[in-house]
Amino acid sequence: DIHSWLEFRRVLFRSIIKNEMSLQDGQIYIYNQDFKLPSTNGLFVVIQQESSELGASNTKTIAVDNVLKENTYQLVKEEYAINIMSQNAEARQRKEEVLLALVSTYSQQKQDLYQIKIAQSPTSFVNVSELEGGSMLNRFVINISVLSWYQKTKTIPYYDQFSQSTINN
C-alpha cells in the first residue's frame, strides 16, 4: 500500500545514513517519533518528509488469466529535510557526512534495489543553530530531493460484469 511505501522511504533514508555514518539507533530518528534531544554531547539526526510533487501519473489495464487488472503508476518528486544536531561541535564537524552517505555505493545499491533516485546535491544546506537561542545547539538542515515511483494494482470487473446501480437525486 502507498502509505507503507511512504514510511519505507523514510526508513530507507535512516538505514543509509545510520550505516554510512556508523550511528546507533538512539542517534537517528524519523520525525514524529516523539523524539526529545538527550542532554548528551553526541550527534543526532532527524529525517522528515516535507513535501511531494506529482511528476507523472498513468493507468494501464491488462488481462491476466481471464482476470482484469488495473495498474496505476505515479512518479513523485519528494522533498526531505535531514536535521543534524549536537550540543557539542560534532554536528558542525560531521554535517557533510550526511551528503557523503547519500552518494555512497551502499546508498546507490539501495536506490537501485528500491527504484528511487536521491539527488546528488542538496537543494539547500542551512545553519539553523540560531533558532535554538541560548542552548547553543549546533543544528543544520539539509534538504534533499528524491524521485520515487509508486504503483497500485487492483482487480477490476470486465464491462459485462459491471453492477447495475441507479443514481437518485
Legend entry - ILVMFWY cluster, Leu147 and Phe13 together (side-chain gap under 4.5 Å): no

Inset, instruction - May I ask you to list the residues sharing a hydrophobic cluster with Leu100, side-chain cutoff 4.5 Å, ordered by chain and number? - result: none

Inset, instruction - Can you see which heavy atom on Arg94 is nearest to which on Met21, and at what distance? - result: NH2-O, 2.8 Å

Inset, instruction - Taking side-chain contact (heavy atoms from CB on, under 4.5 Å) as the test, write out the residues that go with Thr61, two or more places apart. - result: Leu68, Ile156

Legend entry - Proximity of Tyr150 and Tyr73 rings by center, below 6.0 Å: no

Legend entry - Short side-chain to backbone donor-acceptor contact, Asp65 and Val67, under 3.5 Å: no

Inset, instruction - Go through Leu54 and Gln74 one step at a time and tell me if the side chain to side chain contact (heavy atoms under 4.5 Å, CB included) criterion holds. - result: CA-CA 7 Å; Leu54 180 62; Gln74 285 187 336; 3.9 Å; yes

Inset, instruction - Find out whether Lys110 and Leu12 are in side-chain contact, i.e. whether some heavy atom of one side chain is under 4.5 Å from a heavy atom of the other. - result: yes

Inset, instruction - Go through the side-chain N and O atoms of Glu79 and Ser145 and say whether any donor and acceptor fall under 3.5 Å apart. - result: yes

Inset, instruction - Answer yes or no: is there a donor N or O on one side and an acceptor on the other, between the side chain of Gln111 and the main chain of Ile118, under 3.5 Å? - result: yes

Legend entry - Those residues that, when tested against Gln115, pass side chain to side chain donor-acceptor pair (under 3.5 Å) (two or more places apart): Trp149

Legend entry - Minimum heavy-atom distance Leu99-Phe125, with the two atoms named: CD1-CE1, 3.4 Å

Inset, instruction - Specify the closest pair of heavy atoms between Glu90 and Leu43, including all atoms of both residues, with the distance to one decimal. - result: OE1-N, 3.4 Å

Legend entry - Closest approach of Leu23 to Ile17 (non-hydrogen atoms, all atoms of both residues): CD1-CG2, 4.3 Å

Legend entry - Side-chain touch Val146/Val76, heavy atoms, less than 4.5 angstrom: no

Legend entry - Tyr80 and Ile47, any side-chain heavy atoms less than 4.5 Å apart: yes

Inset, instruction - Give the C-alpha distance, both sets of side-chain angles, the deciding distance and a yes or no for side chain to side chain contact (heavy atoms under 4.5 Å, CB included) between Lys69 and Lys154. - result: CA-CA 6 Å; Lys69 301 234 180 217; Lys154 67 178 184 177; over 6 Å; no

Inset, instruction - Can you see which heavy atom on Ile84 is nearest to which on Lys95, and at what distance? - result: CD1-CA, 3.8 Å

Inset, instruction - Go through Gln151 and Thr153 one step at a time and tell me if the side-chain hydrogen bond (donor to acceptor under 3.5 Å, both in side chains) criterion holds. - result: CA-CA 7 Å; Gln151 175 184 351; Thr153 302; 3.2 Å; yes

Inset, instruction - For Lys117, enumerate each residue passing the salt bridge (Lys or Arg N to Asp or Glu O under 4.0 Å) test, keeping only those at least two apart in sequence or located in another chain. - result: none

Legend entry - Student check: side-chain heavy atoms of Asn83 and Gln48 closer than 4.5 Å: yes

Inset, instruction - Starting from Val64, walk the hydrophobic network (Ile, Leu, Val, Met, Phe, Trp, Tyr; side-chain heavy atoms closer than 4.5 Å) and list everyone else you reach, by chain and number. - result: Ile62

Legend entry - Within-4.5 Å side-chain heavy-atom neighbours: Glu96 and Val98: no

Legend entry - Polar contact flag, side-chain donor to acceptor under 3.5 angstrom, Asn143-Thr123: no

Inset, instruction - Go through the steps for Leu102 and Ile16 under the test side chain to side chain contact (heavy atoms under 4.5 Å, CB included), then give the verdict. - result: CA-CA 7 Å; Leu102 296 176; Ile16 291 168; 4.2 Å; yes

Inset, instruction - Please tell me if the side chains of Arg92 and Phe140 come closer than 4.5 Å, counting only heavy atoms from C-beta onward. - result: yes

Inset, instruction - Quick one: list whatever passes side-chain contact (heavy atoms from CB on, under 4.5 Å) with Ser104, sequence neighbours left out. - result: Glu20, Tyr106, Ser107

Inset, instruction - For the residue pair Ile82 and Ile144, establish whether any side-chain heavy-atom pair is separated by less than 4.5 Å. - result: yes

Inset, instruction - Decide side chain to side chain contact (heavy atoms under 4.5 Å, CB included) for Thr72 and Lys60; before the verdict, give the C-alpha distance in whole Å, the side-chain angles of both, and the deciding distance to 0.1 Å. - result: CA-CA 6 Å; Thr72 306; Lys60 291 187 179 185; over 6 Å; no

Legend entry - Heavy-atom pair of closest approach, residues Gly42 and Ser86: O-CB, 3.3 Å

Inset, instruction - Check for a donor-acceptor pair, side chain of Arg14 on one end and backbone N or O of Ile28 on the other, with a separation under 3.5 Å. - result: yes

